[in-house]
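Numbering of ligands and ligand atoms starts at 1, following listing order. From a predicted model like this one, the values you see are computed outputs, not experimental measurements.
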Amino acid sequence: MKNILEFKKFSVSLKNNNHKILNDIDIEIKEKEFLGIVGESGSGKTTLLNSIISFLDEKKFILEGSLTLFENIEIYKMTEKERKAICCKNISMILQDSINSLNPYEKIKNQLLETYIFHSKKKVTNDFAIGEIKKLLLDVGFEDIDRILNSYPNELSGGMRQRIAIVLVLCTDIKILLADEPTTSLDVVNQFKFIELLKKISKEKGLTLIYVSHDIKVLSKICERIIVLKDGNIVEENNTIQILKEPKNSYTKLLIKAATAD
Ligand SMILES: Nc1ncnc2c1ncn2[C@@H]1O[C@H](COP(=O)(O)OP(=O)(O)OP(=O)(O)O)[C@@H](O)[C@H]1O
């Protein structure tokens, strides 16, 4: 398998006070891999995802080392416009609550339609696209499709919005999906359903999934490999079975203990 992403000695610091948020990160991520990143609050997980999706503003951060996409595209060697265009087509992110990524003033129908048409390889009519979107909504378990399409994001429950986030991914031709604690706002039943759906969709679409959580137990249900981040440093990395069975680092042991305490 090819490396879809490669961090080499990648560091991120704040320009105003030199505070290092990520320190000398080396990670190779294979195509179609499901990778988990675990660490406590403030360990740098979101910054790692933001660096992949090009959200880091170079006016605010100092970036060192390299981050390479598809083995030959060095993301931060491109202009901001070039890298945003590449990332838009290839990478997507699901957040804790998709209310923050959906436009509050647009009906779900228009948001799905816009994404479907932007990513469509051939020219399609709105009617065709809506037909396809309706099938995708059925695929993720929605029943009252017309009501969903005519709703604004705040008219849906948190669990429904997370499923809409998955439909948005299905409307695209992206290769890498980033998930930043996407089940935090959900109850236990919806967490379980969401994780199962995300796994199924990611497998079927052949996506590379990078899933961030402070809970190693959640990651163990999804990911083949886990990286442990502490204060911006990788302290341990191993396949999921091994890391749970024989954690080497004391911080990893603590995370496992905390996750399995109840
Ligand atoms: N835009 C920013 N400006 C200033 N400091 C920042 C910025 N982004 C991140 N940081 C700092 O970088 C560190 C890591 O933050 P980050 O959000 O990446 O951690 P995290 O592991 O995702 O935390 P959480 O689980 O709470 O979301 C924190 O100390 C945070 O305050």
Please tabulate protein-ligand N/O pairs under 3.5 Å for ligand 1, atom names and distances to 0.1 Å.
from, atom 1, to, atom 2, distance (Å)
ligand 1, 1 (N), K60, NZ, 3.4
ligand 1, 3 (N), K60, NZ, 3.2
ligand 1, 18 (O), T47, N, 3.0
ligand 1, 18 (O), T47, OG1, 2.6
ligand 1, 19 (O), G44, N, 3.3
ligand 1, 21 (O), G42, N, 3.4
ligand 1, 21 (O), S43, N, 3.1
ligand 1, 21 (O), S43, OG, 3.3
ligand 1, 21 (O), G44, N, 3.1
ligand 1, 21 (O), K45, N, 3.1
ligand 1, 21 (O), K45, NZ, 2.9
ligand 1, 22 (O), T46, N, 2.9
ligand 1, 22 (O), T46, OG1, 2.7
ligand 1, 23 (O), G42, N, 2.8
ligand 1, 25 (O), K45, NZ, 2.9
ligand 1, 26 (O), S41, OG, 2.6

*Who passes side-chain contact (heavy atoms from CB on, under 4.5 Å) against N154, sequence neighbours left out?*
I99, Y152
*Step through the shown structure and confirm whether more than 12 heavy atoms of other residues, nucleotides or ligands are within 6.0 Å of NZ on K199.*
yes
_Pairs where residues 130-150 contributes a residue and the test salt bridge (Lys or Arg N to Asp or Glu O under 4.0 Å) is met, not counting sequence neighbours_ = E132-K135, K134-D146, D144-R147
*asked:* Does this structure show an ion pair linking K30 with E224, if we count only N-O contacts that are shorter than 4.0 Å?
replied: no
*Under the ring pair (Phe, Tyr, Trp, His ring centres under 6.0 Å) rule, collect the residues that match up with F194, sequence neighbours excluded.*
none
*Are the charged groups of E237 and R225 less than 4.0 angstrom apart, N to O?*
yes
